[in-house]
Trainee: 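Have a look at this one before I ask anything.
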Amino acid sequence: MATTRTALRICPFCEATCGLTLEVDDDAGVVTGARGDREDVFSAGFICPKGASFGELDSDPDRLTGPLVRRDGELVDASWDEAFAAAAEGLGAVLADTGGQTVAVYLGNPNAHTIAGSLYAPLIVRGLGTRQVYSASTLDQMPKHVSLGLMFGNPMAFTVPDLDHTDHLVVIGANPLVSNGSLATAADFGGKLKALHKRGGRLVVIDPARTRTAAMADRHIAPRPGTDAALLLAVVHTLFDENLVDLGELEPHVDGVDVVRTLADAFAPEDVAAHCGVPAEDIRIIAREIAAASSAAVYGRIGTSTVEFGTVGSWLVDVVNVLTGNLDRPGGAMFPKSPVAQAPRPPRAGRGFRTGRWHSRVSGHPEVLSELPTAALAEEIDTPGDGKVEAVITIAGNPVLSAPDGERLSRALEGVRFMLSVDPYLNETTRHADVILPPPPPSRTAHFDVALSNASVRNNARYSEPALPLAPGQPSESDILSRLALVLFGLSPFDDTAVVDDQVIATTLTKETGDPDSPVAGRDVDELTAMLPPGPGYERRLDMMLRLGPYGDGFGAKAGGLTLDRLKAAPHGIDYGALRPRLGEVLRTPSGKVELAPEPLVADVARLRDSLNRGADDFVLIGRRHLRSNNSWMHNLPALSGGSNLCTLQMHPDDAVALGVTDSALITGPGGKLEAPVEITDGIRRGVVSLPHGWGHGLDGTRMTVAADHPGVNVNQLNDGASMDRLSGTSVLNGIPVQITPG
Ligand SMILES: Nc1nc2c(c(=O)[nH]1)N[C@H]1C(S)=C(S)[C@@H](COP(=O)(O)OP(=O)(O)OC[C@H]3O[C@@H](n4cnc5c(=O)[nH]c(N)nc54)[C@H](O)[C@@H]3O)O[C@H]1N2
Ligand SMILES: Nc1nc2c(c(=O)[nH]1)N[C@H]1C(S)=C(S)[C@@H](COP(=O)(O)OP(=O)(O)OC[C@H]3O[C@@H](n4cnc5c(=O)[nH]c(N)nc54)[C@H](O)[C@@H]3O)O[C@H]1N2
Ligand code: SF4
Ligand SMILES: [Mo]
């Protein structure tokens, strides 16, 4: 009989970061079960169906257990040595001929959920010295980075709703009951909303669909898609118009209030009501309720972000938070304090935030956070000329399904000289690769939320050691990326990867010891380096970051402070309490103040004003997410398939009657045509249809058997990618004009 033991592991499948208790069978080397870890300091036992399927996902028979290398046109099994040699040869040839700057890198969503993605993927970009950098951010949250950068001088200073303490939460363009929250890392979002109600608080949801989150709301407003920016400006207008502006303690720290007042002049609720499809009085009520609440937080996500005025909308979310005195105060929108952030420094002016330091070759898109728009990747590959992309590296991404016009991207990838993917699946994107290097399954990987700790609704630190050892010969993902970095730094992939970590450690410690405000100011780099524990490079780097961080021991300077060893001794994590005000620690604008009216945003409002006069489209397409799914890569598990997790076109019954649509519809968008089964529901606004993304499986050359059996259609094929939020290069993925006819 198999004996099992338990092991703790933070779930990497979404941003909720739940602590799981895995059941492990050592003899078979598999995870046989997963439940919520009740003692986890952050998630207290919460789990969702995806987390419960950890074992199945971990040992999915279609998961690659070893590398694939293209030989005579076919992807065939190869040893790790052969695969690294092939990677070195393929990359080496391109580096020698056209240079690292002709290699494009695409970084997908799971990089935000792995140590490797956070600590090692940036080294690949640096090693190449390339400006051809693309990521899921320009299909997602880049508008937020830009608005944060312009307002706070700090594009990573996420403003997160203080869910556990707010009296009034406004959710705009997000469905956390299904997504489990995003840029608001909170386990059991639904439970937190119930607790909000229990303490007498109110929930307002602004979403064209009556989502599960909207169904919980005290007030659900269903605007026309793509109109959040105008709606929020009308909220701002109302705050000024009805004398509801009260910055409270923020007052001395904010510049530009009068500019915002003037901007909002032209956006009276009565002026935008028809455009937004929301009665003016409803917009006024949204404003009055926020102002009247003893604390309130406005929280926006994908529906506010992936639209034409995504950056303006993301900015206005925080403008409302500021004008009602809710920024940086308990119950409002607050700045988390990540254990791997820099230890607090005294307030000081920063250099500010700028985009457009360079531009894309073909269409001249401005760089944003050193990235170019993912929707522009295909043209950078398939347009001839100097600086054309010759090779592509994808890490944890599936842009053929997740980005607009995957067919063009597929053709482009087929034509590159060399393509390398670090990914566990042979999917729609990686099928074009010449070398695929699969990471080990999550059970065999250590975990720390480097990225998501920065968006947590409660400060904490948690670390999971691998639940099972690596299979013989299998490198960790950190090791895989380190070996690629060695190649890019002109070394052999078979050299000692410690060089890579040693270099990062030396650079970081040199900088910190030279900074008079650092906890290790003036100390000796060698002495500090010797204090790091032996072990894998990622552990040494993590230990360094924790010790330099806000809870850290400052390399012995603060007795009892955090180190990786101390974190390992607390397997359910360490709680650092509720979010606390810390504006001065994050603010890095040149003025030293919150910039409420940065010039690029003011300029875009003029464009927004003009757009109000455009005629409305008959039908617009939006997206939706399903609880038992995750973007494009979880459709291969029987346990998560079927039920409500279907690729259907949702449509209002009155629209279906008017169009004569019954069970199938033909959808035509700017990028193409699709046919999809129709699901008629009054849970969606008239004139709006919804189709989830991440489907369209079963393409030639993929190896995802279950997904291929129920492939669905690729919604992003309706999108030609031409439409973008100008300030962030983010694709418009919601509010796309479509025509519908019976299928
Ligand atoms: N129409 C429409 N399109 C959208 C969206 C939408 O709402 N509507 N949403 C957008 C958003 S928010 C996002 S974030 C993007 C996502 O875009 P992508 O990141 O490009 O797509 P994913 O489907 O998340 O692909 C993740 C890939 O990582 C691999 N993977 C999983 N775990 C690991 C791991 O541990 N290591 C490595 N190396 N690989 C791993 C998977 O096999 C898969 O290939 O999609 C965007 N596309
Ligand atoms: N189960 C599951 N969880 C996930 C994912 C998944 O695929 N499945 N993906 C993960 C990722 S990568 C991300 S980024 C997060 C996203 O997390 P969320 O943003 O919470 O998820 P969405 O379901 O995309 O929610 C967007 C909502 O915006 C609405 N919407 C569309 N257009 C508009 C508009 O113009 N205005 C307004 N106000 N609303 C609009 C949609 O109806 C939808 O309900 O979820 C993460 N979690
Ligand atoms: S909510 Fe997210 S983190 Fe929690 S178990 Fe589900 S997938 Fe994992
Ligand atoms: Mo995302």
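All ligand and atom numbering here is 1-based and tracks the order in the structure.
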Trainee: Out of D37, T21, D40, which residue meets the side-chain hydrogen bond (donor to acceptor under 3.5 Å, both in side chains) rule with H572?
Mentor: D37
Trainee: Classify the side-chain pair S137/H145 by whether it contains a donor and acceptor separated by less than 3.5 Å.
Mentor: no
Trainee: Below 4.0 Å, non-hydrogen atoms only: which portion of N398 touches ligand 1? Side chain, backbone, both or neither.
Mentor: both
Trainee: With rounding to the nearest 0.5 angstrom, report the CG to OG1 distance, D423 to T394.
Mentor: 6.0 Å
Trainee: Using a 4.0 Å cut-off to any heavy atom of V715, which atoms of ligand 1 qualify?
Mentor: 1 (N)
Trainee: Short of 2.8 Å from atom 2 (Fe) of ligand 3, name each protein N/O/S atom, waters not counted.
Mentor: C14 SG
Trainee: Could you tell me which atoms of ligand 1, counted from 1 in the order shown, lie closer than 4.0 angstrom to a heavy atom of N716?
Mentor: 1 (N), 2 (C), 3 (N)
Trainee: Hey, could you give me the CG/OG distance between N645 and S629, rounded to the nearest 0.5 Å?
Mentor: 4.5 Å
Trainee: May I ask you to decide if L183's main-chain N or O and E15's side chain share a donor-acceptor pair within less than 3.5 Å?
Mentor: yes
Trainee: Taking the inter-plane angle between the rings of F13 and W633 on a 0 to 90° scale, is it parallel (under 30°), tilted (30 to 60°) or perpendicular (over 60°)?
Mentor: perpendicular
Trainee: Quick test of your reading: applying side-chain hydrogen bond (donor to acceptor under 3.5 Å, both in side chains), list the pairs with at least one residue in residues 686-695, sequence neighbours left out, ordered by first then second residue.
Mentor: R624-S690, N631-H693, D655-R686
Trainee: May I ask you to check whether S482 and D479 show a side-chain donor-acceptor distance below 3.5 Å?
Mentor: no
Trainee: Let me confirm one number: the CE-OG distance from M142 to S135, rounded to the nearest 0.5 Å.
Mentor: 5.5 Å
Trainee: Quick check: does D423 get an N/O under 3.5 Å from an N/O on ligand 1?
Mentor: yes
Trainee: Taking atom CG of L718 and atom CD1 of I736, what is their separation to the nearest 0.5 Å?
Mentor: 7.5 Å
Trainee: Identify, with sequence neighbours excluded, every residue that meets side chain to side chain contact (heavy atoms under 4.5 Å, CB included) alongside A174.
Mentor: V171, P176, Y299, R301
Trainee: Is N427 touching ligand 1 with its side chain, its backbone, both, or neither, if touching means heavy atoms under 4.0 Å apart?
Mentor: side chain
Trainee: For the pair N734 (side chain) and G623 (backbone), establish whether a donor and an acceptor sit closer than 3.5 Å, ignoring hydrogens and angles.
Mentor: yes
Trainee: For ligand 1, which atoms have a heavy atom of T114 less than 4.0 angstrom away?
Mentor: 35 (O)
Trainee: Would you mind running through ligand 1 and noting each atom that sits below 4.0 Å from a heavy atom of P399?
Mentor: 20 (O)
Trainee: Pair Y425, D60 - check side chain to side chain contact (heavy atoms under 4.5 Å, CB included), show working.
Mentor: CA-CA 10 Å; Y425 283 107; D60 180 351; 2.6 Å; yes
Trainee: Tell me which residues fall inside the under-4.0 Å heavy-atom shell around ligand 2.
Mentor: K50, N109, D140, I172, G173, A174, N175, P176, V178, S179, S182, I206, D207, P208, A209, T211, P225, G226, D228, R301, I302, G303, I622, G623, R625, H626, L627, S629, N630, N631, N734
